[in-house]
Amino acid sequence: MGVIENLVAISDGVCRSEVIGYSRSGRPLLLLTITEPSTPDTAKSGIWVDGDMHPSEVLGSTACLNLATRLVQGWNKDRRIQELLMHKVFYILPRWCVDAVDTYLTTPYYPRGNNSVAYEVVGRISLEDIDGDGIIREMRVPNPAGAWRISTLDLRLMVPRQPGDSGPFYDLFPEGRYHTHAKTEFDSFVDLNRNFPYQFVASYSSGPNPLSEPETAAVAQFIRSHPNIGLALNLHTWAGVILTPFANPEDSLTSGDQILYDYIAQVAKDTLGYPCIPGWKFSPAALGSRAGTFVDWLYQECGVLAMAVELWGPLRKAGVVSNYVDPMIPRSDQENKKFLDWLTNNIPNAVRSWQPFHHPDLGMVEIGGINRKFVLENPPPNSRLLQDEVEHFISFVLKLAEGLPLVRLVDCKMNWLGHHQIELQLTVENTGYWPTSVTKRAELILPPVTVTIRYADNIQTKWEVGNLDGYGVEHLLDWISGNGSSFRAIGRRRVSRRYRIRLPSNYRGPLEIVLSSPRAGLHRYTLHIKKC
Ligand SMILES: [Zn+2]
């Protein structure tokens, strides 16, 4: 039995799985829905978590499955989880880029985008595990005109050659076959995180059209049909940072939403130890290619409080450049040495010393270096480092999910006025931390909170309540006051309204009151009429 089938089987009905679509190669995209099952999931505030959108970032699926397991196991014994699953729903897609992940995990190759065929050419090298140790590392080849030399700090470390340096010098290549003529052809692949409609730019790696790929189309359709999703975490590796909208600096958040991300930044710092920055500040060198991201689309088109979570962060853990966010920033010899030492002390076999090898194209070379897949891109399987990372991630998710809105009819009074007339006084309150729409952006997109009163053959009257603040707003107002006490405005969290209703004569049936909101829950209340 697979991990997912097993989870569903032991879940007491709290967890179900469904296929939301199929990959290019026909593999199913399996989504887990985890919530207390007696209320429909769409009537609850939802949180979306996806893993393995990029095939080399498989810590995402591990984090997703550990989160799902925690929720399922907690349902019977953990008060906190029970409370969450009563009023919220988790939608978890552990493995998004299913075809290419399979290749990543079962071969030495590094598939790109959503293509399971791994054919990567770097300059004249096509990546191959030449020495058959199962890992594509690096090769160095002696060359008096080479651009690299051995570090004076560590014999395993290669550093860029500067004018005036003394040799020996080397060429440095990824491990693979060497071609005398540079190959120019590309394998065809689409980076799923460039294939979303917002600010989409067609290119060989973003696809011909937005949502051209079956994997992205399936997810977009699911999310569009679930406006109850207010919060979304899109998992990646390996920088150790939270990325918020937008990927391009000319876009800006809807007024009022920055405070939500400020709160997320605080939770991320406390639980994961990561900084939280807008996407455009991350890897500025790659900025031009960051249109059409999932997170930007979630926020802009769906009003979802969305973020990319770049898990792991081995450089940060090694204490290399404490404010490090950009994998493309060149590091100093000392920093590389510090990182290598941390790896050596914390991950067995993370780094292999250079070993001579007879290369079919290049003659004698040396092969060595870091195990990129399970040291840089992901923590080693079954390691303490992996467990710690997943544990911190779960704390982060649970804390955020607990803030989701929940509207309730907190008071309902009825007075008889005579002549078949009644007066109702209804009070509605958001008991969550976030506003009922979660984001200000969503207020422009989704219908507001509404109360519908039904009686006698479907006569109905509607009260458009609008959006309600969460209690988090008070912290903001308090913060603005600056003195901690004198300015505790309560925001618009609780509203009341009186209704006069003339009932048909001799009507003795109940009044049904339905409080509905796209992403803050649904509350039904039946008022029985005793006197007429
Ligand atoms: Zn990624």
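Both backbone and side-chain heavy atoms feed into the values below; hydrogens, waters and symmetry mates do not. Order of listing sets the numbers, starting from 1, for every ligand and every atom in it.
Looking only at atom types and distance, the side chain of N193 has no donor-acceptor partner in the side chain of T293 under 3.5 Å away. Defined by atom type and a distance below 3.5 Å, a donor-acceptor pair is present between the side-chain atoms of H236 and N234. The closest side-chain donor-acceptor pair between D99 and S23 falls under 3.5 angstrom.
Not one N, O or S atom of E310 sits under 2.8 Å from the Zn ion (ligand 1).
Side-chain atoms of D251 do not come within 3.5 Å of backbone N or O of F246 as any donor-acceptor pair.
Closest to the Zn ion (ligand 1) among the N, O or S atoms of H54 is ND1.
Between the ND1 atom of H236 and the OE2 atom of E57, the angle centred on the Zn ion (ligand 1) amounts to 140° when rounded to 10°.
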